[in-house]
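Chain A is the first sequence line, chain B the second, and so forth, proteins listed ahead of strands; every chain is numbered from 1.
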Amino acid sequence: MAEAGILLKLRSVSKSYGATAILHSIDLDVRDGEFITILGPSGSGKTTILRLIGGFTQPSGGQILLDGSDIAAMPINRRPFNTVFQDYALFPHLTVEANVGYGLAVRGTPRAEITKRVADALELVQLGPLGKRFPGQLSGGQRQRVALARAIICRPRLILLDEPLAALDVELRRHMQTFLKSIQTEIRTTFLFVTHDQEEAIAMADRICVMSAGRIEQIGSPHEVYYRPGTEFVAKFFGENNLVPGTLGPVEGTTRAIDTAVGRLVCSIDGQPKIAALPAGSPALAVFRPEAVGIGDAAEGENRIAARIDQVAFGGASTMVNTAAVHQSQQILKARLQSRPDGTSLSQGETIPLVVPASACRLVAA
Amino acid sequence: MRFADRAAPALLITLTLFVFVLLYGPLMVPIVSSFFTVSHGTVDWSQPTTSAYVALTQNDSVLSALWTTLIVGAGAVVLSVALGTGLALYYASPNAKGRNFLQFIIFLPFLMPPIITGLALLIFFRQVEFERSLLTIIIGHTVFVLALVYRTILTRLQSLSGSLVEASYDLGASSWQTFRLVLLPNLSSAMAGAAILAFALSFDETMITLLVTGTQSTLPVRLWAMMRLGFTPDINALVALVLLFTTALCLIAVRYLMPASAVAGSDDN
């Protein structure tokens, strides 16, 4: 049965080459109209997922359902998806116009319609005047946009983007992120975007699917995966973070205590039934972001940790402070504090009271 | 030390020149002597003449051998380019089975001594009672040049990004459309280069031809027959012409086989 709002479903999809398993039983729903990003380090299987959906490789097991029906037997050229390849794969012997119009031409679309739709597509990606050029005469960013125009012109149900910004320099990449997102909003087509770049994923995606070693670690909004990591891997993957190991204490409503080397911390377990279900005494990690850490007296529902300042790094708007907890252990805690315009700074060796709200502190299984 | 610094390059230059003279000097002899007449076993150096070339144009057996050579070359080129392209496409396809064995089979006739290839073909044609004719020469030459054609086209095919073919399918093209609209245009210059090289190889192939020919003679076979009757200026003229022709073909082939980036501007940013 087709489910409303779900375009594509992956059910227990696995892929292995010989004895090497690339993907282990992947379950993933792609919602109609969303910008979903598959994020993971190289070798995590993210590109394999894209290639399985595109039909370039066949799954070893499981099902890929489009509108509720299995597309295993559907050849690449019949799938209503188009791909933006990592190396763009523009046809070097064809002009920009012919490249963009290729998908229409092979379907026997009347020439007048091709001309019109190619012009529209080039207009959309802001390449109007370059139609007569050859791909070899374009810059990286321009080629990128030709590849995008070529993929959207056939009005696919889903556009697959395989690390399309990887070859661009930082500034152009930022620009293209905004550009891609605005195009996606404008044409309201589902985008499945594969990348290894966390910032890129956070900047563009409606939902992020974090992968590691052929498994899905977590699926959620950028805010969720950033502030409410489901696993240790996700907690470590998005930039600097505090991970404090300990053993689980009792559950109290939507919070749970964890006993760590820096004392007992109370963490939110809202929406984490798995953590709530673990028996007391199980090993776990308390996770909180440096920007969630403040200085001062702890109020109700906040954790207080006394720490000695080790390093202070002024970073403009914020100042990164590395501290060592004053306790039995030398647990390093990072705090990103708002910089003070008057220049009064924290000095090394000073002991300060760190405060972490329970709502900003999460638990992941160790 | 300073003496050695200066002496070493001079020595190398001398050595290089010597090698070149050794390699290419003999080639100059028939070319030069083709412009002089021979009487009573001695070359008359006093007066250059093109009479040997004029005589060739009136020599019917040479002209008909030339015609045979052209037909054989054209036939072998068409067959080997068609086969070579198909085999290269097969080799490069992701699901190809037994590709290494296939490649070995393709290279074998090219790497074996021509007399072995020729004899094997001869024995085969006799066993299956296939009468020796123009067709058997064409088959022999195709077998011989196929490896070169195949390798040339495969090299170009492998230099193309694999995602070009995937992109074509992804955009809805059939395999025939992908071949015609994406692969063929990108392979055509390699195919042209391979065709010219194959023609050049076929043009002066002698050993296999001698063995598998029926009554026809190609130019080199004709030359071989003429030499048995002694060296005459028209043999020199013929050698000079064959040399000129194959050299020209090779020069043209090199143009086609240059990487696309070296011909049509860089592909980079």
Side-chain angles (χ1 to χ4, degrees), chain A residues 47 50-51 53-58 75-94 98-109 134-144 146-147 149-156 158-160 162 167-169 172, chain B residues 85 88-89 92-100 152-194 255-269:
Chain A
T47 296
L50 179 140
R51 293 183 62 80
I53 295 173
F56 305 112
T57 39
Q58 295 300 314
I76 307 172
N77 51 13
R78 293 280 167 75
R79 297 192 182 198
F81 315 140
N82 285 130
T83 308
V84 176
F85 292 85
Q86 187 168 10
D87 64 353
Y88 316 143
L90 299 179
F91 304 124
H93 61 292
L94 298 178
N99 262 287
V100 175
Y102 187 86
L104 297 176
V106 295
R107 284 179 176 82
T109 312
F134 284 91
Q137 300 167 310
L138 301 180
S139 72
Q142 289 168 334
R143 280 186 228 179
Q144 169 71 70
V146 176
R150 189 176 68 171
I152 62 181
I153 200 165
C154 296
R155 297 171 187 150
L158 171 66
I159 292 182
L160 304 165
D162 184 10
L168 306 179
D169 61 51
L172 190 54
Chain B
T85 308
L89 285 173
S93 71
N95 303 319
K97 289 190 172 61
R99 61 172 81 173
N100 289 324
T152 308
I153 293 171
L154 183 64
T155 304
R156 175 68 58 86
L157 195 58
Q158 287 174 331
S159 78
L160 292 177
S161 160
S163 52
L164 283 186
V165 171
E166 286 185 346
S168 173
Y169 286 129
D170 183 70
L171 291 163
S174 64
S175 26
W176 168 243
Q177 284 172 321
T178 300
F179 174 71
R180 193 167 53 87
L181 300 173
V182 175
L183 285 176
L184 206 55
N186 282 298
L187 291 180
S188 57
S189 67
M191 286 163 77
R255 263 185 61 94
Y256 279 107
L257 293 178
M258 289 236 278
S261 56
V263 179
S266 166
D267 199 36
D268 294 330
N269 289 1

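Counting only residues at least two apart or on different chains, the salt bridge (Lys or Arg N to Asp or Glu O under 4.0 Å) pairs with a member in residues 159-169 of chain B are A:R51-B:E166.
A side-chain donor-acceptor contact under 3.5 Å links A:N99 to the backbone of A:F91. A:R143 places no side-chain N or O within 3.5 Å of a backbone atom of A:D87 that could act as its donor or acceptor partner. Without hydrogens or angle criteria, B:R156 side chain to B:T152 main chain gives no donor-acceptor distance under 3.5 Å. Formation of a donor-acceptor pair under 3.5 Å by the A:D162 side chain with backbone atoms of A:F85 is not found in this model.
In this structure, the side-chain contact (heavy atoms from CB on, under 4.5 Å) partners of A:I76, at least two apart in sequence or on a different chain, are A:F56, B:Y169, B:D170. Partners of B:N100 by side-chain contact (heavy atoms from CB on, under 4.5 Å), not counting sequence neighbours, listed by chain and number: B:Y91.
Contact of A:L160 with chain B is not made at all, since no heavy-atom distance falls under 4.5 Å. For A:F81, the part lying near chain B is the backbone, with the side chain staying farther off; criterion is any non-hydrogen pair under 4.5 Å.
Between chain B and the options A:R79, A:H93, A:R78, the largest number of non-hydrogen pairs under 4.5 Å is found for A:H93.
Scanning residues 177-186 of chain B against chain A with a 4.5 Å non-hydrogen threshold yields B:Q177, B:T178, B:L181, B:V182, B:P185, B:N186, sorted by number.
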